[in-house]
Amino acid sequence: MVERTVSGSAIKVVSKKTLCFFFAMTTLLFMLSWLFVLRSTGSDATSNSSLFSSSNDAYSDPVQQKNAEVETSFGNRAILGDSIQAAAATTTTTHDVAPQQLQQHVPEEQDVKCKPCMLRVFMYDLPPEFHFGLLDWKPQENANGVWPDIKAVSPHYPGGLNLQHSIEYWLTMDLLASELPEAEAPSKARSVMRVRNSSDADVIFVPFFSSLCYNRFSKTGPHEKRSRNKVLQEKLVNYVTAQEEWKRSGGKDHVILAHHPNSMLDARTKLWPGTFILSDFGRYPPNVANVEKDVIAPYKHVVGSYDNDQSSFGSRPILLYFQGAIYRKDGGHVRHELYYLLKSEKDVHFSFGSVQKGGVKKATEGMRSSKFCLNIAGDTPSSNRLFDAIASHCVPVIISDEIELPYEDVLDYSEFCIFVRTRDALKKRYLINFMRSIGEEEWTRMWNRLKEVESFFEFQFPSKEGDAVQMIWQAVKRKVPFMKLKTNRSRRFFRSLQGSEHRSVPAAAKYK
């Protein structure tokens with residue numbers, strides 16, 4: 001009996017030792033396995049992170065890649081900021097970016113499918129009275145054509161100040177040319193293609209020559225109750241809002257030309273969901289036009305391009321040049337205040353001028369003889385003077401706090417322009433001392449950059465690679481994702497609204 005008890009106790013002791021040993025070994029193996037898993041996961045994560053980074057680099061915008069590689073060439077010493085802060089600021093440049101690099105990047109594997117990857121545009125066949133009819137063009141007898149045959153003689157656009165806001169003409173001509181067979185096309189460079197099915201289009205183009213209509217027909221005739229400009233705007237709104245394309249998107253994918261600040265004064269508040277192509281936002285409330293949805297396009301410069309410019313810092317004797325209307329409304333009050341501050345400076349030309357009596361010729365000669373050209377806010381924040389200065393390779397000095405600039409999402413203006421806050425410019429001797437502090441090396445750098453970017457502001461037919469026409473189309477294309485976002489969001493409750501009788505154009509309420 002005793003032996004059995006002792007034997008049973010021994011077995012229990014052995015069993016407990018065996019269990020403890022087994023538990024310890026199991027725990028150790030579990031911990032080693034877990035450490036191995038963690039190490040393996042960390043290695044994979046690092047590898048995947050590296051792969052993801054490489055993938056992102058491969059699909060990133062070439063402009064951003066270039067900017068990452070290029071250091072700032074120089075800091076703009078008065079770029080809309082306090083002079084002390086501006087001196088410490090760094091600026092990303094696009095100094096060596098070629099025109100084609102300013103286009104949206106397409107991944108390499110997609111290039112085969114969409115080469116050339118162009119903006120697809122559906123254009124309304126509006127009657128000629130809205131476009132080329134305003135240039136006194138008429139279809140040939142017994143012809144029902146809406147558009148001129150651009151392979152023959154194209155309608156001529158009037159010169160003078162009308163040219164400033166002629167973008168509607170150049171864009172429409174470029175769209176018409178996009179339909180020509182490649183062998184007959186006047187230019188091989190294309191950024192846009194016209195499509196006949198609106199379902200295939202990225203945007204819907206409204207070909208109303210609104211600026212020309214304002215310039216020519218805004219006054220009421222002796223036998224008219226309303227001007228032709230007002231009548232055509234009303235007819236345009238009725239036509240466009242009745243189209244299925246407008247109803248389908250609420251107008252959010254429509255592109256509407258209103259480059260002259262006074263054009264489309266009546267229609268703009270009814271067609272506001274569309275994307276406007278404007279010169280600035282000076283006469284628009286933010287709920288009708290804003291930088292988020294609209295496109296700022298350059299003026300067509302009035303002075304001639306400065307070909308074979310061999311000038312230098314020393315060969316341009318005038319330090320600062322301004323010629324134009326001195327007494328303006330609204331933000332333009334700064335012009336006459338600057339006139340009294342600068343008129344006595346011996347190396348400054350600041351005088352009244354107009355296009356009449358050889359004014360364009362005088363301005364051309366003056367800008368080409370000047371190191372810097374003043375671009376001061378007038379009745380609106382922008383003016384054609386900026387683009388005349390660029391064409392003359394006269395470094396622009398921009399004094400306009402509310403100005404919006406063309407293609408500024410891809411082009412760094414601080415490389416070839418000087419920005420000065422209005423409050424600083426109006427301080428006694430601030431501006432003249434600041435301009436005299438800029439030396440030959442810095443000016444020459446900006447002058448060279450002006451010659452590199454001037455093609456971005458050239459309007460011509462046929463259009464060329466990287467000119468103003470193609471740059472505007474590319475700016476429109478960059479708005480397409482936003483248009484689609486707004487259109488898709490507006491359809492969330494479409495089914496619940498189908499029974500509603502209210503189908504009119506929405507008022508320009510607070511923009512969202």
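This is a predicted model, so every value here is computed, not measured.
Listed by chain and residue number, nothing satisfies the side-chain hydrogen bond (donor to acceptor under 3.5 Å, both in side chains) test with Ser211 (two or more places apart in sequence, or in another chain).
Leu180 places a side-chain heavy atom less than 4.5 Å from the side chain of Lys151. Two residues are said to be in side-chain contact when any heavy atoms from C-beta on lie closer than 4.5 Å; Met471 and Ser191 fail this criterion. Using a 4.5 Å cut-off on side-chain heavy atoms (C-beta onward), Ser279 and Pro261 make contact.
In summary, the side chains of Ser305 and Asp307 do not present any donor paired with an acceptor at a separation below 3.5 Å, with no hydrogens or angles considered. Remark: the Tyr169 side chain and the His156 side chain contain no N/O donor-acceptor pair separated by less than 3.5 Å. Of the N and O atoms on the side chains of Gln323 and Tyr321, at least one donor lies less than 3.5 Å from an acceptor on the other residue. Looking only at atom types and distance, the side chain of Thr275 has no donor-acceptor partner in the side chain of Asp294 under 3.5 Å away. For the residue pair Ser414 and Asp412, a side-chain donor N or O sits within less than 3.5 Å of a side-chain acceptor on the partner. For the 3.5 Å distance criterion, the side chains of Glu404 and Ser382 fail to qualify, holding no donor opposite an acceptor. Counted by atom type alone, Ser218 and Asn262 present zero donor-acceptor pairs between their side chains at under 3.5 Å.
Annotation for Glu408: atom CD counts as buried by contact number, over 12 foreign heavy atoms lying within 6.0 Å. Atom CZ of Phe217 sits in a crowded spot, with more than 12 heavy atoms from other residues, nucleotides or ligands closer than 6.0 Å.
Annotation: cation-pi pair Lys451/Trp447 present, NZ/CZ under 6.0 Å from the ring centroid and within 45° of its normal. Judged by a 6.0 Å distance limit and a 45° cone about the ring axis, Arg268 is positioned over the six-membered ring of Tyr284. In this structure, Arg449 forms no cation-pi arrangement with Phe416, as its terminal cationic atom is not both closer than 6.0 Å to the ring centre and no more than 45° off the ring axis.
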Step-by-step ring pair (Phe, Tyr, Trp, His ring centres under 6.0 Å) determination, Trp147 to His131: CA-CA 9 Å; Trp147 305 103; His131 42 83; 4.0 Å; yes
His259 vs Tyr214, side-chain hydrogen bond (donor to acceptor under 3.5 Å, both in side chains): CA-CA, chis, key distance, verdict: CA-CA 11 Å; His259 199 255; Tyr214 172 78; over 6 Å; no
Step-by-step salt bridge (Lys or Arg N to Asp or Glu O under 4.0 Å) determination, Lys219 to Glu224: CA-CA 10 Å; Lys219 295 181 180 179; Glu224 295 177 331; over 6 Å; no
Salt bridge (Lys or Arg N to Asp or Glu O under 4.0 Å) between Asp347 and Arg436, intermediate numbers included: CA-CA 10 Å; Asp347 51 357; Arg436 286 176 178 159; 2.9 Å; yes
Residue pair Tyr299, His260: steps toward the ring pair (Phe, Tyr, Trp, His ring centres under 6.0 Å) verdict: CA-CA 9 Å; Tyr299 294 65; His260 192 292; 9.0 Å; no
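Note on Asp253 versus Lys486: no salt bridge recorded, every NZ/NE/NH1/NH2 to OD/OE distance being 4.0 Å or above. Salt bridge present: Glu234 and Arg226 bring a charged side-chain N and a carboxylate O closer than 4.0 Å. Taking the charged nitrogens against the carboxylate oxygens, Asp401 and Arg421 have no contact shorter than 4.0 Å, which rules out a salt bridge.
Aromatic ring orientation, Phe132 versus Phe209: perpendicular (interplanar angle above 60°, classes split at 30° and 60°). Relative ring orientation between Tyr340 and His336 is described as perpendicular, the plane-to-plane angle rising above 60° on a 0-90° scale split at 30° and 60°. Ring-plane geometry between Phe457 and Phe387 is classed as tilted, the angle between the planes lying from 30 to 60 degrees on a 0 to 90 degree scale. Note on ring orientation: taking the six-membered ring where Trp is involved, the planes of Phe130 and Phe208 are perpendicular (angle over 60°, cut-offs 30° and 60°).
Distance check: Lys464 NZ to Phe459 CZ gives 15.0 Å after rounding to the nearest 0.5 Å. Taken to the nearest 0.5 Å, the NZ atom of Lys479 stands 12.5 Å off from the CG atom of Leu485. Taking OG1 of Thr220 as the reference point, atom CG of Asn229 lies at 9.5 Å (rounded to 0.5 Å). Distance CG/Leu134 to CD/Glu129: 8.0 Å, rounded to 0.5 Å.
Applying the salt bridge (charged side-chain N to carboxylate O under 4.0 Å, His left out) test to every pair with at least one member in residues 205-215, sequence neighbours left out, gives no pairs at all.
Paired with His393 under the rule ring pair (Phe, Tyr, Trp, His ring centres under 6.0 Å), one option of Trp443, Phe372, Tyr306, Phe313 passes, and it is Tyr306.
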